[in-house]
Amino acid sequence: YLRDLGHDLLREIVHYLLPEMYGPGEFVINRDAVSVIQRGSAWWKDKILSYADIIGEDMLLSSAHLRNSVYPKTLTFVELMTLNRLDLGTVCEKFPHFSRTVRLAQIKLAVRRGVVFYAKHFKKMMALRPAGFLADGGEAESMEIHKCTVQSINESCHHPQFSVTESNGLDNAKLLNIFCMLERVEKRL
């Protein structure tokens, strides 16, 4: 959502970027901001991040279930340029077309992370139960995972509203589509 921006929009975003510095061995923990590495390197989920890599792209999501819980650890001195969530909202109010782009990215990320969240939890549940547990009342646990996943997706799609003119959250038809997608994932496990 921050690629191929027009000059006016890019200038507005740059106006809100704040520099941050971290020493070696520090964790970069900023849940409500997206950062771009300017100098240095960090270790995150078995890979090394360096110049122009992004940290915190999931700051669009409201639900803690869908956000990354692993934070990058700096290997060297690291300089970041950071855009916080409130400033992104301010930019979105000034540029409605950008607000739609951010909103679409928010919904796509929430659904993608929701499906992964659901699959992981369902797979764990299946591994811990005997083969016929669904016939023995296990469907209640399965429905609980459904509810938690859809609630997490819906929560992330409700807040923040990146533009005053945007619609809020998911409608019933979209939720039904998500349920169907989750059921297909469940059958493949």
Side-chain angles (χ1 to χ4, degrees), residues 1-120 149 152-170:
Y1 60 92
L2 293 176
R3 296 188 192 278
D4 303 321
L5 304 175
H7 293 292
D8 292 339
L9 178 56
L10 189 57
R11 256 187 302 246
E12 188 69 26
I13 289 175
V14 167
H15 175 73
Y16 288 103
L17 289 175
L18 298 172
E20 290 184 350
M21 289 194 66
Y22 293 86
E26 291 186 77
F27 286 95
V28 179
I29 302 174
N30 193 345
R31 304 228 7 110
D32 291 324
V34 62
S35 302
V36 179
I37 297 177
Q38 296 299 300
R39 284 201 178 102
S41 59
W43 179 261
W44 182 69
K45 289 187 173 183
D46 296 332
K47 62 182 181 180
I48 294 178
L49 303 176
S50 59
Y51 177 75
D53 284 330
I54 306 292
I55 298 171
E57 67 183 356
D58 62 355
M59 67 96 158
L60 296 174
L61 304 176
S62 299
S63 174
H65 296 313
L66 303 181
R67 284 186 167 189
N68 280 323
S69 58
V70 178
Y71 302 104
K73 184 175 183 179
T74 58
L75 298 172
T76 63
F77 284 97
V78 173
E79 293 178 23
L80 304 173
M81 293 304 288
T82 301
L83 177 67
N84 73 47
R85 188 179 188 147
L86 293 174
D87 291 338
L88 179 63
T90 303
V91 172
C92 285
E93 287 177 9
K94 293 179 182 179
F95 296 88
H97 68 283
F98 180 60
S99 180
R100 285 186 293 278
T101 302
V102 171
R103 183 83 171 120
L104 183 61
Q106 180 187 37
I107 290 170
K108 283 181 178 179
L109 186 58
V111 170
R112 189 176 320 122
R113 295 273 177 96
V115 169
V116 170
F117 172 80
Y118 176 81
K120 281 181 183 177
T149 302
S152 295
I153 292 170
N154 205 18
E155 181 182 313
S156 286
C157 292
H158 266 84
H159 306 288
Q161 190 172 343
F162 281 101
S163 172
V164 209
T165 59
E166 300 279 341
S167 65
N168 225 356
L170 297 170

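Every value quoted in this text rests on a predicted model; they were computed, and no experiment measured them.
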From Y51 OH over to Q38 CD, what is the distance, rounded to the nearest 0.5 angstrom? 6.0 Å
Would you find more than 12 non-hydrogen atoms of other residues, nucleotides or ligands less than 6.0 Å from H7 atom NE2? no
Give a yes or no on whether R31 atom CZ has more than 12 heavy-atom contacts from other residues, nucleotides or ligands under 6.0 Å away. yes
So how far is it from R39 CZ to F77 CZ, rounded to the nearest 0.5 Å? 13.0 Å
Main-chain N/O of L86 paired with T90 side-chain donor or acceptor, under 3.5 Å: yes
To the nearest 0.5 angstrom, please state how far the NE2 atom of H97 sits from the CG atom of L5. 8.0 Å
Pairwise distance CZ(F98) to CG(L10) - rounded to 0.5 angstrom: 10.0 Å
Any side-chain heavy-atom pair of M81 and S35 under 4.5 Å: no
Between D58 and L61, is there a donor-acceptor pair closer than 3.5 Å when you use the side chain of the first and the backbone of the second? no
If I take atom NZ from residue K73 and atom CD from residue E26, how far apart are they, to the nearest 0.5 angstrom? 10.5 Å
Kindly say whether V70 contributes a backbone atom to a donor-acceptor pair with the side chain of W44 at under 3.5 angstrom? yes
Taking the side chain as C-beta and beyond, is there a heavy-atom pair between L80 and V28 under 4.5 Å? yes
Scan D87, T101, V102 and name whichever one has a side-chain contact (heavy atoms from CB on, under 4.5 Å) with C92. V102
Identify the heavy atoms of R85 and L60 that sit nearest to each other, and give their distance. NH2-O, 3.4 Å
Quick one: pull up CZ in R100 and CZ in R103 and give me the separation to the nearest 0.5 Å. 12.5 Å
Apply side chain to side chain contact (heavy atoms under 4.5 Å, CB included) to residues N68 and R113 and explain how you reach the verdict. CA-CA 9 Å; N68 280 323; R113 295 273 177 96; 3.6 Å; yes
Checking the side chain of S41 only, and the main-chain atoms of S50 only, is there a donor and an acceptor separated by less than 3.5 Å? no
F27 and Y22 have their tightest heavy-atom pair at O-CE2, 3.9 Å
Search all heavy atoms of P72 against all heavy atoms of I55 and return the closest pair with its distance. CG-CG2, 3.7 Å
Please check this pair: side chain of T74 against backbone of G23, looking for a donor-acceptor N/O pair closer than 3.5 Å. yes
Which pair of heavy atoms, one from L83 and one from M59, lies closest together, and at what distance? O-CE, 4.0 Å
